[in-house]
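Take a look at the structure below.
Heads up: numbering here begins at 1 and tracks the sequence.
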Amino acid sequence: MELRNCYCCLWFLFLTQIINVSFSDQDGFLSLLCGGTEGYLDSSNISWISDNAYINVGNITTVDYLEGSSSTHVPVRFFPDSLVRKCYRLPLSNSSSSVLVRTKFVYKNYDGLNKPPAFSVSLGRAITTTVTLTNTDPWIEEFIWPVDKETLSLCLHSIHGGGFPVISSIELRPLPQGSYNNGLTDFPSKLLRKSYRINSGYIDGSLRYPLDQYDRIWDPDKDFSPFHVSAGFNLQSTTFHWSNVTERPPMVVLQTARVLAKWAALTYSLPLDTLGDYHVILYFAGILPVSPAFSIMINGELVESNYTVNRGEVNGLFFTMRGIQCLNLTLKTISYYPLINALEVYQIVDIPPETSSTTVSALQVIRQSTGLDLGWEDDPCSPRSWEHIRCEGNLVTSLELSDMKMRSISPTFGDLLDLKNLDLHNASLAGEIQYLGSLQRLEKLNLSFNQLTSFGSEFEDLINLRVLDLQNNNLQGSVPDSLGELKNLRLLNLENNKLQGPLPQSLNREGLEVRSSGNLCLSFSTATCNDFSSTIETPQVTVFPPKHKSHKHIETILIIAGGVALAFALISVSLFLLTRRKDSKGTFRSSSTETDMRYWNAAKVYSYKEIKAATNNFKQVIGRGSFGSVFLGKLPDGKQVAVKVRFDKTQLGADSFMNEVSLLSQIRHQNLVSLEGFCQESKQQILVYEYLPGGSLADNLYGANSKRITLSWVRRLKIAVDAAKGLDYLHNGSNPRIIHRDIKSSNILLDSDMNGKVCDFGLSKQMTQADATHVTTVVKGTAGYLDPEYYSTRQLTEKSDVYSFGVVLLELICGREPLTHTGSPDSYNLVLWAKPYLQAGAIEIVVDESIKGTFDAESMRRAALIASMSVERDALRRPNIAQVLAELKEAYSLQLSYLASGGLIN
């Protein structure tokens, strides 16, 4: 009788709660009828809609089947074209930290073939389960997904021979803030797949919305062995004190419990689908007039001793069990009655790490350049690799885009830093092989069957290259020596090009196969090829025995040869004496200098007369600095150059100047202004650099002919990334390492395409010891950019360059110079003014007015954060330039994605 009265009280409580919550807010609920054409309102007052707005592929049909005692008519969507994954894009609300995802898969022989399908299901980057409808139909899955983005991809993946994937419904339900995180600190990136959710002590069917406002389905407490009789209890007060339970199970669930007599043990034996890691949540509510105490064991292991349930309190215990395939839960009595109100068991599913956003953005740009729909969506590597791509973990290591019309090698390929294999054969590529120098992990490069004409200058950086296939192109000229420096190269295919001349002897080594047939004249022989009109294949020739020459003819040849040799010797002596005489007047260098330059592989040596002619007698000044002036020059071949002439007061000694020239000659990087040549004569020390028509970054931001309207945020980020790449090369790519010492916006130049290059290494300092941490030196640099720690200690480090570069980043963000005397005194110094706002996240106060409303907030936040870190007064707290570069690339990729998704382009 007492038990019956308890159940009556319970049903009264149920009805009360139904009345209270039947009209509750369903914000965030999404209920999709997969394959349905019209929506409806179900018996729980939940609104269902068609899935047409969330997927645009697949066929639809309906099925009828018995569910319980009644017939159910449901729509289904199936996917005959199952070669690639089929995905739903589901919107998520950021008002919740996690969301419940429930899916239902129904076959019921809708096609009359009696062949139930099997397929995989993924959420985001994780493969969550394999659905097999042979023995279980319908099949229902329930997951708890941690909200980290605005959308969630739910995808169906075909299995070979498994038939067509099929789905009937999808439900999304936001969960309480902070729920389902307790006890999972060792699993930072995970989702939970439901195994059990049991309403302990209640056996009269499942409970869900509106009794559970989050629409979790609580299954009845039955069919578990051994089973014990349990009763529902009606607590006089429905007010509980919640201790540590953010999951908020509904009151009707907490007011029933499985309770056993004193000295007995309460046990649940729960089989699990698969061997794995599991998350177990036990709920305890003090619904008894006493406070029972008991010990808890899981699979024979004591996990909680002398646990007490206090009257009127709700508590939870959270356990993670690794590598189990069954769950035996036992509560052993210590005092009074052991009880449990509810329990949840979830399989822990790892979410693979995300592929770098830089890589993703680069691949999307490449996809756009192909003009094809490659089906590239979401993450390139997880849950399955994209078409034409192979991955190792979250790293894209192989890209195969053969037979696509790409026209030229995009600079974006240089951002795929983890590539080991790049196949672009028959991709309509023309021009120079370029932008691949950063792919230092590349092992196989296939550029065959294109119209490429030039090797470019970056092969020497591909230090891990093993196979290089360049056959059937239009490559011309000679084979560069840099290919011989690739020590890991095992196959070099140069067949059927327009190459000529001897192959570098460094390629003639054991273990390297060189294929060179089908060129004009290409071999390891040093003999001169005089006849380039031969056929592509080497012709078969007949060798005739030579005719006997008369002794008189041989004597004539020897006399002529001797005369030529004597004349050549006399001319050489005359030129040597003339050179020595001219050198004493300061007109020519000694011949030894020219010999040294040959070994430097350096820029061209110009005479002062050539420099005067090139600059039209130093007519047009394009820059000035402490070193002297820079003049615009034009070489005889029409190429424009920037000619830097030192002032007398900054003249270096001859040896020092030549050492600087030697250093500059070794620096070759696409983001560093290259040295074209030099002149040292007539008491002049002149450096000739490539000319960049875009001017300096400072000119574009503040100059009289300012182009700042063209400097959108994405362009500013691109310039920052370019400059950081150049600086990273100086710090980490050159030997010896180089500290620039004068990084500033006027030392970042722009070419005609607004690509950034760092210039002016005149104040640079070499780190001659590989393990050196600093150089003690006289302070040099520019006010506003100068590292305060360097200024006070005189110890120059690479972090000094990072500080200066951080100031440049602030200029790009704020659009103002490092030092100014306008405004209030506290705004004179850019670093002191902007840094507090950036650290507080108040970016909108300091950001340049001309770019407001045009940038992605996260992109700006990341750039602002790395800028403020770079200008820390303590050098130890600053990042290194490689870290700065990585963050800027992320910010750049985010902005590119923002623009690609419809952001305003400035």
Side-chain angles (χ1 to χ4, degrees), residues 667 669-673 696-698 700-702 711 713 715-734 737-750 755-765 767 774 779-791 796-819 829-832 834-835 838-839 846 848 860 862-892:
I667 297 174
H669 189 274
Q670 63 183 4
N671 297 115
L672 296 174
V673 177
S696 71
L697 176 58
N700 282 267
L701 285 173
Y702 325 113
L711 290 185
W713 178 236
R715 194 179 295 276
R716 296 184 193 205
L717 280 175
K718 176 61 166 60
I719 294 170
V721 168
D722 288 344
K725 285 181 178 179
L727 196 53
D728 182 52
Y729 176 83
L730 294 178
H731 287 189
N732 303 310
S734 64
R737 293 177 291 141
I738 296 171
I739 302 176
H740 188 287
R741 275 213 289 186
D742 199 22
I743 291 293
K744 54 186 177 182
S745 57
S746 59
N747 276 341
I748 298 173
L749 304 183
L750 308 176
N755 298 307
K757 297 191 178 189
V758 177
C759 72
D760 195 2
F761 312 117
L763 295 176
S764 61
K765 197 74 177 178
M767 300 283 279
H774 69 274
V779 174
K780 294 183 179 180
T782 301
Y785 297 89
L786 199 59
D787 172 13
E789 187 168 287
Y790 167 40
Y791 183 83
L796 178 69
T797 71
E798 290 155 333
K799 295 293 185 72
S800 302
D801 278 351
V802 171
Y803 182 94
S804 303
F805 188 70
V807 178
V808 173
L809 293 180
L810 293 181
E811 291 182 81
L812 291 170
I813 293 169
C814 304
R816 53 156 285 184
E817 298 179 73
L819 296 177
N829 184 292
L830 174 59
V831 173
L832 298 180
K835 186 178 176 183
L838 298 183
Q839 289 177 327
V846 298
D848 189 346
M860 178 62 74
R862 296 188 77 134
L865 178 62
I866 200 65
S868 61
M869 292 171 62
S870 298
V871 293
E872 286 286 350
R873 187 174 184 86
D874 183 357
L876 293 176
R877 299 178 64 183
R878 298 174 205 155
N880 58 44
I881 193 61
Q883 293 168 323
V884 175
L885 175 58
E887 286 300 308
L888 290 175
K889 283 184 175 180
E890 291 291 336
Y892 180 57

For this session: Assess whether side chain to side chain contact (heavy atoms under 4.5 Å, CB included) is satisfied between Ile738 and Ile667, documenting all intermediate values.
Result: CA-CA 10 Å; Ile738 296 171; Ile667 297 174; 3.6 Å; yes
Exercise. Do you know which two heavy atoms are closest between Pro879 and Val802, and how far apart they sit?
Worked result: O-CG1, 3.4 Å
Exercise. Does Leu812 reach the side chain of Leu711, with side-chain heavy atoms less than 4.5 Å apart?
Worked result: no
For this session: Report the C-alpha separation of Val721 and Leu885 in whole Å, then their side-chain angles, then the decisive distance to 0.1 Å, and conclude whether the side chain to side chain contact (heavy atoms under 4.5 Å, CB included) test is met.
Result: CA-CA 6 Å; Val721 168; Leu885 175 58; 4.1 Å; yes
Exercise. Hey, are the side chains of Cys814 and Asp848 touching, using non-hydrogen atoms and a 4.5 Å cut-off?
Worked result: no
Exercise. Donor-acceptor pair, Ser804 side chain versus Tyr785 backbone, under 3.5 Å?
Worked result: yes
Problem set entry | Any Leu830 side-chain heavy atom under 4.5 Å of Glu811 side chain | yes
Problem set entry | Side-chain heavy atoms of Lys744 within contact of Leu697, under 4.5 Å | no
Exercise. Can you find a pair of side-chain heavy atoms, one from Leu888 and one from Lys725, that are under 4.5 Å apart?
Worked result: no
Exercise. Between Arg862 and Glu887, is the closest basic N to carboxylate O distance under 4.0 Å?
Worked result: yes
Exercise. Can you tell me if His731 and Asn880 form a side-chain donor-acceptor pair at under 3.5 Å?
Worked result: no
For this session: Would you mind reporting whether Leu730 and Ile881 have side-chain heavy atoms less than 4.5 Å apart?
Result: no
Exercise. Is Phe805 close to Ser870 at the side-chain level, that is, under 4.5 Å between some pair of heavy atoms?
Worked result: no
Problem set entry | Closest non-hydrogen atom pair, Ser696 against Ser745 | CB-O, 4.0 Å
Problem set entry | With Asp787, the salt bridge (Lys or Arg N to Asp or Glu O under 4.0 Å) member among Arg878, Lys799, Arg741, Arg873 | Arg878
For this session: Identify the two heavy atoms, one from Trp713 and one from Ile813, that lie closest to each other, and give their separation to 0.1 Å.
Result: CH2-CG1, 3.8 Å
Problem set entry | Within-4.5 Å side-chain heavy-atom neighbours: Lys757 and His669 | no
For this session: Begin with the C-alpha distance, continue with both residues' side-chain angles, and end with the deciding distance and a verdict on side chain to side chain contact (heavy atoms under 4.5 Å, CB included) for Glu789 and Thr797.
Result: CA-CA 10 Å; Glu789 187 168 287; Thr797 71; 5.9 Å; no
Exercise. Does Asp722 use its side chain to pair, donor to acceptor, with the backbone of Asn755 at less than 3.5 Å?
Worked result: no
